[in-house]
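These notes concern the structure reproduced below.
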Amino acid sequence: VRSSAASDVYKRQCHFCGAGLLFLMSALKFAQFNFTSTDFILNIYYILFGLIIVFVELNFAKVLEQFYFMNFSFGKALFAGFIATLTFGTGYWLQILVAVFFLVACLGFLIMGFFFCSEEEGTAVGKAPAEGAAASAPNAPPASQSPANA
């Protein structure tokens, strides 16, 4: 029996390490007091993305609803790839390290998505109420039939 428990641990560890690297990179760039307005805005984005990652991994329901794609490996891969391309810009050694980390994480999330995509189906947090209602009452009449017409 194939289990995705190891992939869940990998995803959580990667995400927490990535968020920590984003926070560290922003803190070091802010501590230098030598940055352009573009660097300032990018640092704000890095902090924001780090917070999103932390809130997703801590299962904050509102964040999981707003960033629904982060419930799945492919969504996490796209997000990690986006962060990697965003941080690869300037040539600052820590930004290159963070970009390489997120590229490796992106590949890892893609691999996990391919191997465990069948296990991820239907396990996302914040499903639509109609799906949950239909699953909880399998013998209920369809919505098109009303008791008055029966």
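- Nearest heavy atom pair, residue Ala19 against residue Gly50, reads CB-O, 3.7 Å.
- The shortest non-hydrogen separation linking Cys14 to Ala105 is SG-CB, 4.4 Å.
- Nearest heavy-atom pair, Ser26 versus Tyr46, reported as atom, atom and distance to 0.1 Å: OG-CB, 3.2 Å.
- Taking both residues in full, the closest heavy atoms of Cys17 and Phe101 are given as CB-CZ, 3.8 Å, listed atom of the first, atom of the second, then distance.
- When the shell of 6.0 Å around CZ of Phe16 is examined, it contains more than 12 heavy atoms from other residues, nucleotides or ligands.
- Nearest heavy atom pair, residue Glu57 against residue Arg12, reads O-NH1, 2.8 Å.
- The CD1 atom of Ile44 lies 11.5 Å from the CG atom of Asp39; values are rounded to the nearest 0.5 Å.
- Around atom CZ of Phe30, more than 12 heavy atoms belonging to other residues, nucleotides or ligands sit under 6.0 Å away.
- No donor-acceptor pair closer than 3.5 Å links the side chain of Asn43 to the backbone N or O of Phe40.
- Between Phe88 and Phe102, the ring center distance fails the sub-6.0 Å criterion.
- Put simply, CG on Asn59 and CG on Leu64 are 5.5 Å apart, with the number rounded to the nearest 0.5 Å.
- The distance from atom CZ of Phe74 to atom SG of Cys106, rounded to the nearest 0.5 Å, is 11.0 Å.
- Linking ILVMFWY side-chain heavy atoms closer than 4.5 Å, directly or via other members, places Leu51 and Met25 in a single hydrophobic cluster.
- Connection of Leu103 to Phe79 is not established within any shared hydrophobic cluster, with ILVMFWY side chains joined at heavy-atom distances below 4.5 Å, either directly or through further cluster members.
- Among residues two or more places apart in sequence or in another chain, the side-chain contact (heavy atoms from CB on, under 4.5 Å) test is passed with Phe67 by Ile52, Val63, Phe69, Met70.
- Ring geometry for Phe49 versus Tyr45: interplanar angle under 30°, hence parallel rather than tilted (30 to 60°).
- Scanning all heavy atoms of the two residues, the minimum distance from Gln95 to Thr87 falls at CB-O, 3.2 Å.
- Phe114 and Leu107 are assigned to two separate hydrophobic clusters, defined by single-linkage of ILVMFWY side chains at heavy-atom distances under 4.5 Å.
- Here the CD1 atom belonging to Ile53 is positioned 11.0 Å from the CG atom belonging to Leu48, to the nearest 0.5 angstrom.
- Leu78 and Leu22 fall into different hydrophobic clusters, where Ile, Leu, Val, Met, Phe, Trp and Tyr residues are linked whenever their side-chain heavy atoms come under 4.5 Å apart, directly or through other members.
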